[in-house]
*Asks:* 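Got a structure here, written out as structure tokens. Questions coming.
When a ligand or atom number is given, it counts from 1 through the structure's own listing order.
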Amino acid sequence: MDSYYVLGNPVEHSKSPWIHARFAELTGQAMRYGKRLAPLDGFAATVRELRAEGARGCNVTVPFKFEAHGVATELSPRARLAGACNTLRFDGDAIHGDNTDGVGLVDDIVRNAGVELAGAQVLLVGAGGAAAGVLGPLLEARPARIVVVNRTVGKANELVAHHRALAQAQGVTLEVEPIEAVREPFDVVVNATAASLSGAAVPVAPSVLRAGALAYDMMYGPAAAGFAAWASEHGAVARDGLGMLVEQAAESFFVWRGVRPPAAQVLGELRATLG
Ligand code: ATR
């Protein structure tokens with residue numbers, strides 16, 4: 001039976017095995033999906049181990065997405081743009097690297113939350129790995145404008161410079177503003193920072209939330225609670241990243257199996273399971 005894994009450190013609490021088991025069941029795909037803890041200094045060795053065991057591919061999570069980009073022998077355009085991979089497919093001697101995080105975010109916003117990105121004003125907060133993984137697909141959804149803000153403004157400038165050509169090709173205004181100065185209202189605000197992990201406050205002024213705006217945190221569970229409370233308090237609709245998790249998994253499943261699983265159904269089941 002074909003086998004796949006999620007590689008991370010830590011990886012114990014990953015929901016990917018549950019999600020992919022449901023996808024396989026619902027689509028009749030004969031496959032197994034497990035989790036594998038990679039030592040912090042042993043990501044490449046763990047990938048070699050999986051390939052030697054005959055695995056067909058893996059998902060890659062924190063903190064190995066940049067290293068995964070390095071071990072890939074070929075890259076999808078979206079993985080090249082992100083500079084990081086969350087999906088590897090083992091094709092004989094080749095390792096195909098892909099990044100499905102951004103498509104997962106866009107699919108969750110447009111399909112599951114029912115919020116239009118085309119023509120929208122979008123604020124992306126953060127310019128680390130999580131933000132880099134989603135900016136390309138956000139641009140491809142053709143909002144009117146994306147503003148990137150980050151505590152370290154140089155990183156926002158770099159990220160935007162790297163995506164300048166795509167923004168021009170898509171006809172999207174892409175700009176950086178100082179994080180402490182951004183005040184104007186947006187339709188969609190995406191939190192791609194790790195601020196909540198250290199208990200820090202939301203790093204932007206609440207006036208960035210137009211009434212009824214979608215305030216999206218790429219995290220889920222307790223890590224997303226502070227941002228959600230802040231958003232609701234200021235008249236926005238809060239959404240956590242659980243749908244992004246399921247949608248990026250669905251896109252990875254498609255990369256491996258060529259079959260699209262019923263992601264919305266599995267998201268509903270996962271939310272019910274988590275209470
Ligand atoms: P990830 O892969 O999760 O994006 P990362 O690359 O370390 O992790 O990026 C973390 C992001 O959260 C960055 O945008 C970071 O801002 P800096 O680039 O200035 O470090 C942001 N971040 C983390 N803690 C923050 C805080 N307390 N306030 C504001 N931004 C924060």
*Asks:* Nearest to atom 20 (O) of ligand 1, what protein heavy atom do you find, and at what distance?
*Replies:* Arg151 NH2, 2.9 Å

*Asks:* Would Thr193 count as a polar contact of ligand 1, with the cut-off being nitrogen or oxygen pairs under 3.5 Å?
*Replies:* no

*Asks:* Give the residue, atom name and distance (to 0.1 Å) of the protein heavy atom nearest atom 12 (O) of ligand 1.
*Replies:* Ala194 N, 2.9 Å

*Asks:* Any luck finding a side-chain donor-acceptor pair between Asn86 and Asn59 under 3.5 Å?
*Replies:* no

*Asks:* Check whether any N or O atom of Ala127, backbone or side chain, sits under 3.5 Å from an N or O atom of ligand 1, and answer yes or no.
*Replies:* yes

*Asks:* Around Glu12, counting heavy atoms of other residues, nucleotides and ligands shown, do more than 12 lie under 6.0 Å from its CD?
*Replies:*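 No - once you tally the heavy atoms of other residues, nucleotides and ligands closer than 6.0 Å, there are 12 at most.
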
*Asks:* Tell me whether atom 7 (O) of ligand 1 lies less than 4.0 Å from at least one protein heavy-atom position.
*Replies:* no

*Asks:* Judged by modelled atom types alone, do Asp108 and Tyr216 share a side-chain donor-acceptor pair under 3.5 Å?
*Replies:* yes

*Asks:* For a quick test of reading the model, state the closest non-hydrogen atom pair linking Leu75 to His69 and the distance between them.
*Replies:*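 Heavy-atom minimum between the residues: CD1-NE2, 3.4 Å.
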
*Asks:* Check each atom of ligand 1 against the heavy atoms of Ala130 and keep those under 4.0 Å away; list them by number with element.
*Replies:* 1 (P), 2 (O), 4 (O)

*Asks:* What do you reckon, is CZ of Arg56 surrounded by more than 12 foreign heavy atoms closer than 6.0 Å?
*Replies:*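 No - once you tally the heavy atoms of other residues, nucleotides and ligands closer than 6.0 Å, there are 12 at most.
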
*Asks:* With a 3.5 Å cut-off and no angle check, do the side chains of Asp98 and Ser76 form a donor-acceptor pair?
*Replies:*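 Judged by distance alone, the side chains do pair up.
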
*Asks:* When rounded to the nearest 0.5 angstrom, what is the spacing between SG in Cys85 and CZ in Arg80?
*Replies:*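 Reported value, rounded in 0.5 Å steps: 10.0 Å.
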
*Asks:* Test of understanding: given a 4.0 Å heavy-atom threshold, classify the contact between Lys155 and ligand 1 as side chain, backbone, both, or neither.
*Replies:*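 The part of Lys155 near ligand 1 is the side chain, not the backbone.
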
*Asks:* Relative to atom 15 (C) of ligand 1, which among Val204, Val202, Asn150 owns the nearest non-hydrogen atom?
*Replies:*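 Result: the heavy atom closest to atom 15 (C) of ligand 1 is in Asn150.
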
*Asks:* Quick one: nearest non-hydrogen protein atom to atom 9 (O) of ligand 1, plus distance?
*Replies:*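 Its nearest protein heavy-atom neighbour is Gly128 CA, 3.5 Å.
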
*Asks:* Is it the side chain, the backbone, both or neither of Thr152 that has a heavy atom closer than 4.0 Å to ligand 1?
*Replies:*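 Both parts.
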
*Asks:* Would you say the ring centers of Phe43 and Phe64 fall short of 6.0 Å from each other?
*Replies:* yes

*Asks:* Out of Leu242, Asn191, Leu197, which one pairs with Met219 under the side-chain contact (heavy atoms from CB on, under 4.5 Å) rule?
*Replies:* Leu197

*Asks:* Does an N or O from Ala131, backbone or side chain, lie closer than 3.5 Å to an N or O of ligand 1?
*Replies:*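 In fact, backbone or side chain, Ala131 has no N or O that close.
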
*Asks:* Find all atoms of ligand 1 within a distance of less than 4.0 Å from any non-hydrogen atom belonging to Gly126, and give their numbers and elements.
*Replies:* 14 (O)

*Asks:* Give the numbers and elements of all ligand 1 atoms closer than 4.0 Å to a heavy atom of Ala200.
*Replies:* 27 (N)

